[in-house]
Amino acid sequence: MFVAQELRKNNIAEYLLYMWQVEDTIRAFGCSLPRIRREYIDRFDYDDERKEEEADWFGNLIRMMNQEGCREQGHLQINKVTLQMLSELHQQLLSSSKFPFYNAEYYKVLPFIVELRNRGANKEEGEIETCLNLLYGVMMLRLQKKEITTNTEHALKEVSTFIGMLSDYYKKDKEEPLEF
């Protein structure tokens with residue numbers, strides 16, 4: 001919860017990736033709050049009050065996952081809405097002539113997006129989700145200490161720059177609405 005709050009303020013893409021990881025963490029513990037408390041939250045260097053707040057947060061997420069039918073796979077509605085807001089901002093930035101650097105960066109990553117979508121199971125997912133799936137997938141590979149190809153590293157570098165730029169615009173837009 002505490003990490004999520006900080007990321008949401010500072011980098012919306014990192015926040016989404018973190019929340020996807022939290023969803024997977026909950027699944028890894030069988031959506032069991034007692035297990036998450038005992039095997040996960042208790043490992044943090046938090047005082048009892050913070051541990052209780054973290055447990056409440058995880059409990060709410062578990063409840064939402066159960067209610068929304070994403071106990072086995074998929075994303076919580078709150079994460080889908082955040083992704084949708086990012087995607088809408090992406091479209092606004094592309095449609096405006098006031099953001100030439102963003103447009104240039106987009107066209108630089110577009111071939112990677114097309115290739116990733118052609119390889120992926122879900123060809124209907126949006127461009128931003130495709131980019132985030134690459135970032136999340138590589139993060140998971142690194143956690144598993146698996147090899148990442150040179151081509152994937154190159155795509156990762158370009159997509160990271162692009163998503164970082166989108167996140168910066170998102171933050172700026174929240175602080176003071178952008179003029180498109």
Could you list the donor-acceptor pairs under 3.5 angstrom formed by side chains in residues 75-92, with sequence neighbours left out?
| from | atom 1 | to | atom 2 | distance (Å) |
| --- | --- | --- | --- | --- |
| H75 | ND1 | W20 | NE1 | 3.3 |
| H75 | ND1 | E23 | OE1 | 2.6 |
| N79 | ND2 | E23 | OE2 | 2.7 |
| T82 | OG1 | R8 | NH1 | 3.3 |
| T82 | OG1 | I78 | O | 3.0 |
| Q84 | NE2 | E88 | OE2 | 3.1 |
| S87 | OG | L83 | O | 3.0 |
| H90 | ND1 | Y102 | OH | 2.6 |
| H90 | NE2 | E127 | OE1 | 3.0 |

Task: Beyond-backbone contact of L7 with L16, side-chain heavy atoms, under 4.5 angstrom - done: no
Task: With sequence neighbours excluded, residues passing side chain to side chain contact (heavy atoms under 4.5 Å, CB included) with R35 - done: F29, S32, R38, E39
Task: Between CG on residue L166 and CG on residue L132, distance to nearest 0.5 Å - done: 8.5 Å
Open item on the list: List the residues meeting side chain to side chain contact (heavy atoms under 4.5 Å, CB included) with Y46, not counting sequence neighbours, and say none if there are none.
Closed with: F2, F44, R50, K51, E54
Open item on the list: If hydrophobic clusters are built from ILVMFWY residues whose side chains come within less than 4.5 Å, do L143 and Y40 share one?
Closed with: yes
Task: side chain to side chain contact (heavy atoms under 4.5 Å, CB included) partners of K146, counting only residues at least two apart - done: L141, Q144
Open item on the list: Between L134 and I113, does the side-chain contact (heavy atoms from CB on, under 4.5 Å) criterion hold? Intermediate values first, please.
Closed with: CA-CA 9 Å; L134 169 68; I113 293 170; over 6 Å; no
Task: Under 3.5 Å: donor-acceptor pair, side chain of T130, backbone of G126 - done: yes
Open item on the list: If you count heavy atoms of other groups shown closer than 6.0 angstrom to CG of N118, is the number above 12?
Closed with: yes
Open item on the list: Measuring from atom CD of E53 to atom CG of D47, what distance do you get when rounded to the nearest 0.5 angstrom?
Closed with: 8.0 Å
Per-pair distances, 0.1 Å, donor-acceptor, side chain in residues 153-163, under 3.5 Å, sequence neighbours excluded:
| from | atom 1 | to | atom 2 | distance (Å) |
| --- | --- | --- | --- | --- |
| E153 | OE1 | R142 | NH2 | 3.2 |
| E153 | OE2 | R142 | NH2 | 3.2 |
| S160 | OG | L156 | O | 2.7 |
| T161 | OG1 | K157 | O | 3.0 |

Task: S97: partners by side-chain hydrogen bond (donor to acceptor under 3.5 Å, both in side chains), with sequence neighbours left out - done: none
TODO: Output all residues satisfying salt bridge (charged side-chain N to carboxylate O under 4.0 Å, His left out) with E6, sequence neighbours left out; order by chain, then residue number.
DONE: K9
Which pairs of donor and acceptor atoms, one on a side chain in residues 172-180, lie under 3.5 Å apart (sequence neighbours left out)?
| from | atom 1 | to | atom 2 | distance (Å) |
| --- | --- | --- | --- | --- |
| D173 | OD1 | L178 | N | 2.8 |

Task: Side-chain touch T25/Q21, heavy atoms, less than 4.5 angstrom - done: yes
TODO: With sequence neighbours left out, write down each residue that passes side chain to side chain contact (heavy atoms under 4.5 Å, CB included) with D168, or none if nothing qualifies.
DONE: none
- [ ] Take K98 and L93 through the test side-chain contact (heavy atoms from CB on, under 4.5 Å) and record every step on the way to the result.
- [x] CA-CA 8 Å; K98 294 181 179 181; L93 291 166; over 6 Å; no
Open item on the list: To the closest 0.5 Å, what do you measure between CE (M140) and CG (L135)?
Closed with: 11.5 Å
TODO: Find the distance between CZ (F112) and CZ (R117) and round it off to the nearest 0.5 Å.
DONE: 15.5 Å
- [ ] For Y18, check ring-ring contact (aromatic ring centres under 6.0 Å, His included) against everything at least two apart and list the hits.
- [x] none
Task: From OG (S167) to OH (Y15), nearest 0.5 Å - done: 13.0 Å
Task: Check against side-chain contact (heavy atoms from CB on, under 4.5 Å), N11 and Y170 - done: CA-CA 8 Å; N11 188 315; Y170 182 89; over 6 Å; no
Open item on the list: Would you say that V22 contacts L61 through its side chain, given a criterion of any heavy-atom pair below 4.5 Å between the two side chains?
Closed with: yes
Open item on the list: List the residues meeting side-chain hydrogen bond (donor to acceptor under 3.5 Å, both in side chains) with Y136, not counting sequence neighbours, and say none if there are none.
Closed with: D24
Open item on the list: Nearest 0.5 Å, please: how far is CD1 in I62 from CH2 in W57?
Closed with: 10.5 Å
TODO: For residues 57-76, pull every pair meeting salt bridge (charged side-chain N to carboxylate O under 4.0 Å, His left out), keeping only residues two or more places apart or in separate chains.
DONE: none
